[in-house]
Amino acid sequence: MPLKDSRPPSSTPDTDSLVRRLAGPSTTKAGLAKDQTEINKIIAEASKGSKFYENEKRKDKDLTERIEKILKHRDEVVKGVDLAKVEQGVDKLITQLEAHRDLSQVIVHVDMDAFFASVELLDNPDLASKPFGVGHGVLSTASYEARKFGVRSGMPTFIARKLCPELIVISSHFHRYGEMSEKVMAIFRRYDPNMAAAGCDEGYLNITSYCEEHSLTPEECVSQMREIVHQETKLTVSAGIAPNKNKPNGQFKLDFEPEAIKAFMHDLSIRKVPGVGRVHERLLDSIGIKTCGDIFAQRAVLSLMDKEFGLMFLLQAYLGIASNVIEPWQREERKSIGAERTFNPISDTVKIHAKLEEVAAELSGDMTAGGWTGKTITLKYKLDTYKVFTRAKSLDKWVSTRQQDLFALGKELLKPELPLTLRLIGLRVTKLKDLKAEAESKASGIKRFFNSGPADGSPAKKRRTEEVSAGEDDLPQLSQDGFATSMPGYTDEADADAEHLADMEEQSGVNDMKPASNIGAAARPPSSSASQRACTAKPSSSASGPTSPRKKRISSSTNDERGTSSDASAPLLECPICGKLLETDNQGLNEHIDFCLSKQAIKEAQTASLKPPSHSGSSSDAKKRGPKFAPPKAAAKGHGEGLLKFRKKG
DNA sequence: GCGGATCAC
DNA sequence: TATGGTGATCCGC
């Protein structure tokens with residue numbers, strides 16, 4: 001496209017939102033320091049004119065238009081409505097949520113500091129105090145020194161060098177990260193055998209039992225744990241007891257008091273709430289919400305526009321309430337398996353097929369090693385313009401795991417799309433079937449079933465049980481030779497630090513980042529992610545105790561049938577959302593609430609307890625169209641590890 | 001069931 | 001020169 005752009009670079013100044021967008025998703029936020037705007041400008045300048053830049057510009061424009069529509073819709077919806085009355089309804093909901101806050105569990109969010117960079121430092125002390133990054137075309141992490149220049153994970157190296165000319169770029173050593181990750185996770189498991197790993201450098205622990213049994217305060221317990229990690233691995237880890245986390249090498253505990261929690265949330269950027277990314281941040285900003293505290297002031301609008309904003313989700317953020325159930329990720333939870341690869345743009349169909357074949361080979365290997373098959377196959381491709389498309393097909397039978405068959409299916413899906421100029425191609429299989437479980441159950445009468453013991457719903461108790469039966473041997477993978485080429489997720493605390501360090505590098509203890517995750521007794525369910533999957537070498541096994549300890553976790557997702565589980569025993573509690581009486585303990589109730597916060601449930605709760613005057617909208621709302629905005633209700637649970645695998649290079 | 005979006009890591 | 005990979009969820013149709 002020899003298209004010329006006739007305008008001088010300066011004639012069309014980038015909008016603020018575009019400049020920020022170009023800075024990358026990992027710019028967690030926080031009022032950008034002065035430096036940050038300067039840095040963003042440099043990044044935007046370096047990107048200017050590229051296809052990537054044009055694509056970001058397009059997305060930014062789309063979002064801007066979407067926001068305009070939302071505001072218009074808001075003005076319409078608010079018209080003639082008694083907002084005070086709507087607020088009263090929301091206040092009732094808040095009261096109910098508050099009444100069921102569970103502060104009984106001590107949840108810790110642990111996060112290794114600049115993980116990849118720290119491991120590299122162990123192996124090469126010469127790097128100490130030097131600005132360096134790890135990665136190939138894109139950095140997966142940056143040392144603290146490099147972050148001072150604005151270098152972040154996820155940043156292309158050519159831009160990183162513009163920000164920091166002396167930057168040292170070294171390649172990744174995933175095998176090492178995997179080894180170290182295992183060591184650290186093993187230490188965490190001493191404190192909570194049921195911990196949930198979130199990527200290879202993060203995790204959530206419920207230390208309630210450990211503290212009791214060892215007569216330790218949460219702070220003592222976590223200090224000790226961090227010290228042991230340091231002694232045994234020379235790596236530092238930050239931890240947040242309750243809500244936030246601090247780093248580097250910091251530790252923070254929030255008082256387990258509703259008021260303290262709300263005060264903490266009040267000034268916390270909405271962007272730090274798990275589930276709120278760059279897009280939702282802008283949408284919320286458009287109606288005056290920048291911090292969790294702002295949610296309260298806008299509750300009437302949020303209630304009237306629940307569909308767009310997700311009222312219950314935001315109220316929980318405002319209150320600092322979230323799930324406090326920590327469980328290791330389980331194999332049954334897997335929903336898809338796939339592979340994709342980026343390359344320099346290709347138009348030649350023969351060459352595109354060659355790439356597709358490589359991807360098919362990789363997927364085949366992963367499916368075979370993991371013991372998976374499925375019923376639906378999805379082709380994904382990204383044009384050289386960065387626009388992404390998917391094409392799927394569901395079969396009558398299980399997808400073959402053979403490379404040639406996957407390749408053939410991929411070609412079939414791709415055919416009607418050609419000709420194309422692509423920069424990425426991928427394949428994914430969903431509607432999975434677990435071949436290992438099947439083989440196992442056939443072989444022996446495995447009893448992987450829940451002995452549903454309702455009474456022991458408390459995580460604390462579960463913890464004790466621990467039955468780790470280790471079965472699993474899977475192991476696999478092994479990379480042959482390998483060199484890991486794929487970028488394993490960035491992670492490493494991705495972001496934030498850069499900006500914070502810029503203005504607060506000194507004070508090591510305070511800088512929270514991320515999330516408001518485990519507020520109070522609520523920990524953010526570690527989300528899924530396989531992020532640094534490539535890093536752990538032998539994953540599975542150790543990881544979670546395979547045998548599913550049972551317990552079927554509640555999915556919190558949309559419409560599952562509402563638990564009719566009326567087990568016996570336990571007191572009766574009323575769910576604030578659905579009003580249902582449950583025979584369970586507080587913990588069980590919390591789980592139910594998570595689960596209950598589905599679209600349907602929210603709707604019921606609102607009409608039942610809110611009842612906005614005019615806007616009762618019956619059902620006509622449906623057509624209201626409009627941009628959608630519904631953050632994950634309860635956040636997914638995290639996996640963490642079972643899927644780490646080793647990638648090889650091709 | 002499909003495709004686009006958004007998000008986490 | 002040049003901007004990742006894996007997996008999940010939600011929504012509209």
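Letters A, B, ... mirror the listed sequences (proteins, then strands); counts begin at 1. All heavy atoms count here, side chains included; hydrogens, waters and symmetry mates do not.
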Toward the 5' end of DNA chain C, by each residue's nearest nucleotide, Ile337(A) or Lys382(A): Lys382(A)
Could you check whether Ser47(A) gets within reach of a base, just the sugar-phosphate, or nothing at all, counting any heavy atom under 4.0 Å? base
Tell me every residue that passes side chain to side chain contact (heavy atoms under 4.5 Å, CB included) with Lys411(A), counting only those two or more places apart in sequence or in another chain. His353(A), Leu356(A), Phe407(A)
Looking at Trp372(A), does the NZ or CZ of Lys433(A) lie under 6.0 angstrom from its six-membered ring centre and within 45 degrees of the ring axis? no
Nearest whole Å is fine: how far is dC2(B) C1' from Leu379(A) CG? 13 Å
Between Arg428(A) and dG7(C), does any side-chain N or O lie under 4.0 Å from OP1 or OP2? yes
Could you tell me whether the phosphate oxygens of dC2(B), OP1 or OP2, come under 4.0 Å of any side-chain nitrogen or oxygen in Lys380(A)? no
By nearest nucleotide on DNA chain C, pick out whichever of Tyr386(A) and Lys335(A) is the more 5' one. Tyr386(A)
For a quick check of understanding: with a heavy-atom distance under 4.0 Å over all strands, which category does Ser50(A) fall into, base, sugar-phosphate or nothing? base
Once you round it to whole Å, what is the distance between C1' of dG4(B) and CZ of Arg391(A)? 10 Å
Under 4.0 Å between a side-chain N/O of His280(A) and OP1 or OP2 of dT6(B), yes or no? no
Using a 6.0 Å distance limit plus a 45 degree cone around the ring axis, check whether Arg161(A) lies over the aromatic ring of Phe158(A). no
Assess, by modelled atom type and distance only, whether the side chains of Asp113(A) and Ser238(A) contain a donor and an acceptor separated by less than 3.5 Å. yes
Name the nucleic acid region contacted by Lys59(A), choosing base, sugar-phosphate or nothing; use a 4.0 angstrom heavy-atom cut-off, strictly under. nothing
